Amino acid sequence: MRQLDAILADDRLDEVAMDTHRLLMSRLVPAALAAGVTQMALGWTFALSWLAAFLAAEGLARLATRRFKPGVPVTSGMRAGFLLGAVPINLIWAWLAATLWFSPLPHMRLAALGVWVGQIVYTQNFRHQPVSLIVVSAFAPMLCLVLFPLFFFHDHGVGANIARWTMVMLVATALNVMLANRAAAKRMDALTRGLREERERALEANRAKSTFVAVTSHELRTPMNGLLGMAYALDRGDLNEAQRRHVRLMIKSGDSLMQVLNDMLDLSKIEAGKVELDHVAVNLHELVRAAGDAWRDAAAEKGLWLRIEISPSAPTWILADPQRIRQVLMNLISNGLKFTSQGGVTIQLSARNAPLADGESEIRLRVIDTGVGVDANVHDRIFESFTQADNAVSRSHGGTGLGLTISRALARQMGGDLVLESGVGGAAFVFTFCATPIAAQDAPAADDVEERDEPDLGALRVLMAEDNAINQVVVRTMLETTGVDLTIVNDGQAALDALRAETFDAVLMDINMPVMDGITALGEIRAGRAGDPAIPVIALTASAMSGDRERFLAMGFDDHLGKPIRPVELLSSICAAARPKGRCAEAAEA
């Protein structure tokens with residue numbers, strides 16, 4: 001009884017039952033052909049009678065399998081009905097072969113033998129399925145192949161005996177092959193289960209890694225917000241030259257640490273396939289010049305030159321992701337300057353003359369330096385994660401070895417690539433990507449910009465909901481010199497109370513807070529339960545994983561600021577949210 005319960009509890013039967021229901025035509029066509037051929041030996045009466053019996057058996061099987069559907073719970077009774085419904089079909093095929101065996105026409109025994117062997121061959125489809133299904137399918141033809149040669153084969157002599165025992169040997173061989181196939185199927189199933197388990201472990205490890213990166217990001221960004229925020233505040237204060245150098249070294253070190261963390265987050269996004277590219281109008285020439293200008297002072301400090309060469313073939317305006325282009329280009333310029341002690345770095349911008357099939361152009365950026373170069377043996381290895389040309393590189397120049405890995409992945413996502421073109425006596429990295437050239441975009445008139453850039457920062461009233469005392473001090477310190485009136489509360493509920501009592505121009509909302517979190521508070525604000533439902537609300541959070549910014553904007557936040565916060569970014573976000581435009585950069589740099 002336990003064995004029967006185990007058979008009926010095997011959910012592998014469900015898939016076969018669904019296939020049996022779905023593949024009805026694949027069985028009706030051979031049956032119709034068999035009936036047509038059989039009528040030549042046994043007549044139409046028998047052929048049609050056999051076909052009618054077969055259709056009746058298929059009808060029973062269809063009734064037994066009609067409730068087998070994906071996602072529908074299956075009972076033991078349903079599986080038992082399926083097994084019983086399969087028996088008549090196999091018996092009817094065996095009956096056809098037995099009738100052919102007794103036909104007076106010569107060679108019909110050969111036809112009967114073909115039907116029985118065909119049934120046995122068909123059962124090999126179930127070698128991965130429960131043994132009960134194989135028994136149901138193979139029992140009738142196996143029994144016929146043993147009984148008919150021994151008891152219903154009345155010929156005598158050497159030839160008849162050889163034929164008789166050959167058919168018995170056929171049964172024995174079929175059994176042996178079935179057992180071998182069954183054993184191989186079990187080994188394959190075990191291997192498949194092992195691979196599935198390994199895959200699940202790998203997925204779990206990847207989820208654990210993503211969780212670790214997310215937690216580490218949050219836990220590092222929160223204290224770094226305090227450290228860098230206060231360093232920025234000190235840098236804006238009245239310091240002597242030595243003190244200012246010390247503070248700026250603190251800021252530089254903090255920025256380096258944040259770059260490492262950002263690289264880790266970018267790598268996590270790329271591995272998860274969650275990097276989304278923008279397609280906006282970009283002045284490519286200005287972008288390249290701006291990237292070069294950003295490193296010009298660093299090059300001058302090392303006594304190096306930095307040149308920008310723009311070919312006439314390069315389009316001025318394109319549709320692309322300026323942030324990702326800038327990220328790759330800045331990384332290549334940084335690497336060039338890092339490994340160059342004499343000479344300098346050249347940035348060459350060009351494009352393939354012939355457009356691609358879809359109207360896009362292949363943009364080509366070469367960053368050439370006169371530095372130490374890269375040994376030919378490690379050309380491919382330098383693009384691997386956490387890999388540099390040799391250990392001496394990391395000791396003398398620093399870095400995590402992630403920059404080129406991330407840059408190549410971004411280049412390939414943009415339809416191009418990043419390759420090392422040469423490596424002796426300097427290096428030349430070639431960054432290609434695909435973009436659509438567009439007509440020149442109109443810039444806003446200077447008068448219009450000036451007219452909009454007239455906010456009174458001293459008149460701005462900002463509410464901040466933040467439970468971390470250090471972050472409260474950081475933001476207050478950043479804003480106190482601008483004249484912005486800042487009110488601070490410790491949780492989302494207190495923010496709602498403040499909004500009901502007073503009028504503010506914008507809200508800085510932390511996400512994780514006691515009493516009421518920032519997302520819940522935002523929902524209350526947008527529902528009109530705390531004054532103006534359209535008041536600008538800026539998410540102020542240490543969450544910086546892939547898609548976080550898009551996720552917060554989709555929730556209804558007007559902007560997203562990741563910690564650690566820079567004064568320029570904070571004030572720019574407040575001004576952009578509270579006013580159409582503002583002289584935020586001037587105020588932040590004052």
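The structure displayed is predicted, hence computed values, not measured ones. These values consider heavy atoms only, across backbone and side chains, with no hydrogens, waters or symmetry-generated copies.
Between D532 and A534, the closest heavy-atom pair is OD1-N, 3.0 Å. A pairwise comparison of heavy atoms in M513 and D491 identifies SD-CA, 3.7 Å as the closest pair. In this structure, C144 and P149 approach most closely via the heavy-atom pair O-CD, 3.6 Å. Across A465 and A495, no two heavy atoms sit closer than the pair CB-CB, 4.0 Å. Nearest heavy atoms, G492 versus A521: CA-CB, 3.9 Å. Contact record, P533 with R526: O-NH1, 2.8 Å, taken as the closest heavy-atom pair.
The backbone N or O of N90 sits less than 3.5 Å from a side-chain atom of Q119, completing a donor-acceptor pair. A donor-acceptor contact shorter than 3.5 Å is absent between the side chain of Q124 and the backbone of V121. Judged by distance alone, the side chain of W50 and the main-chain N or O of I92 form a donor-acceptor pair under 3.5 Å. Judged by distance alone, with hydrogens and angles left aside, the side-chain atoms of S361 form no donor-acceptor pair with the main-chain N or O of I363 at under 3.5 Å. The backbone N or O of M516 lies less than 3.5 Å from no partner atom in the side chain of T520, so there is not a single donor-acceptor pair. Put simply, the side chain of T432 never gets that close to the backbone of G416: no donor and acceptor are under 3.5 Å apart. Side-chain atoms of W116 never come within 3.5 Å of backbone atoms of A111 as a donor-acceptor pair (strictly under, hydrogens ignored). A donor-acceptor pair under 3.5 Å links the side-chain atoms of T123 to the main chain of I120, judged by distance alone. The backbone N or O of A172 lies less than 3.5 Å from no partner atom in the side chain of N176, so there is not a single donor-acceptor pair. R352 places no side-chain N or O within 3.5 Å of a backbone atom of E362 that could act as its donor or acceptor partner.
Note that NZ of K186 is 12.5 Å distant from CG of N181, once rounded to the nearest 0.5 Å. Atom CG of residue L540 and atom CE of residue M509 lie 10.5 Å apart, to the nearest 0.5 angstrom. Interatomic distance, R22 CZ to T65 OG1, rounded to the nearest 0.5 Å: 11.5 Å. I438 contributes atom CD1, which lies 8.5 Å from atom CD1 of I318 (distance to the nearest 0.5 angstrom). Atoms CD and CG, from E200 and L203 in turn, are 5.5 Å apart once rounded to the nearest 0.5 Å. For the atom pair CZ (F102) and CE (M108), the distance works out to 15.0 Å, reported to the nearest 0.5 Å.
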| message | Is there a side chain to side chain donor-acceptor pair (under 3.5 Å) between R324 and Q327? Walk through the geometry before answering. | response | CA-CA 5 Å; R324 295 305 183 181; Q327 181 179 354; 2.6 Å; yes
| task | Please report the C-alpha distance between F148 and F153 in whole Å, then the side-chain angles of each, then the deciding distance to 0.1 Å, and finally whether the side chain to side chain contact (heavy atoms under 4.5 Å, CB included) criterion is met. | result | CA-CA 6 Å; F148 278 73; F153 189 35; over 6 Å; no
| request: List the steps and the verdict of side chain to side chain contact (heavy atoms under 4.5 Å, CB included) for F82 and D14. | output: CA-CA 9 Å; F82 165 59; D14 305 346; over 6 Å; no
| request: Run the numbers on F429 and L418 for side chain to side chain contact (heavy atoms under 4.5 Å, CB included), then give the verdict. | output: CA-CA 7 Å; F429 285 92; L418 175 63; 4.2 Å; yes
| request: Before giving the answer on side chain to side chain contact (heavy atoms under 4.5 Å, CB included), spell out for N331 and L404 the whole-Å C-alpha distance, their side-chain angles and the decisive distance to 0.1 Å. | output: CA-CA 8 Å; N331 181 67; L404 291 176; 4.0 Å; yes
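Aromatic ring centroids of W93 and Y122 lie 6.0 Å or more apart. Checked against the 6.0 Å centroid threshold, F433 and F431 count as a close aromatic pair.
The side-chain heavy atoms of R187 and L191, taken from C-beta on, include no pair separated by under 4.5 Å. L496 places a side-chain heavy atom less than 4.5 Å from the side chain of I525. With contacts defined as side-chain heavy-atom distances shorter than 4.5 Å, the pair V117/P141 does not qualify. At a threshold of 4.5 Å between non-hydrogen side-chain atoms, the residues L319 and V282 do not count as touching. Using a 4.5 Å cut-off on side-chain heavy atoms (C-beta onward), I325 and M414 make contact. Side-chain contact check for V507 versus L499: some heavy-atom pair is nearer than 4.5 Å. Inter-residue side-chain proximity for R364 and V430 is flagged as met; some heavy-atom pair is nearer than 4.5 Å. Taking 4.5 Å as the limit, every side-chain heavy atom of D558 sits out of range of all side-chain heavy atoms of L553.
We find that R201 and E198 are joined by a salt bridge, their nearest charged nitrogen and carboxylate oxygen being less than 4.0 Å apart.
Between the side chains of D189 and T192, no donor-acceptor pair of N or O atoms lies under 3.5 Å.
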Under 3.5 Å, which donor-acceptor pairs link side chains of residues 53-63 to any protein atom two or more places apart or in another chain?
residue: E58; atom: OE1; partner: R27; partner atom: NE; Å: 3.4
residue: E58; atom: OE1; partner: R27; partner atom: NH2; Å: 3.0
residue: E58; atom: OE2; partner: R27; partner atom: NE; Å: 2.8
residue: R62; atom: NH1; partner: H21; partner atom: O; Å: 2.7

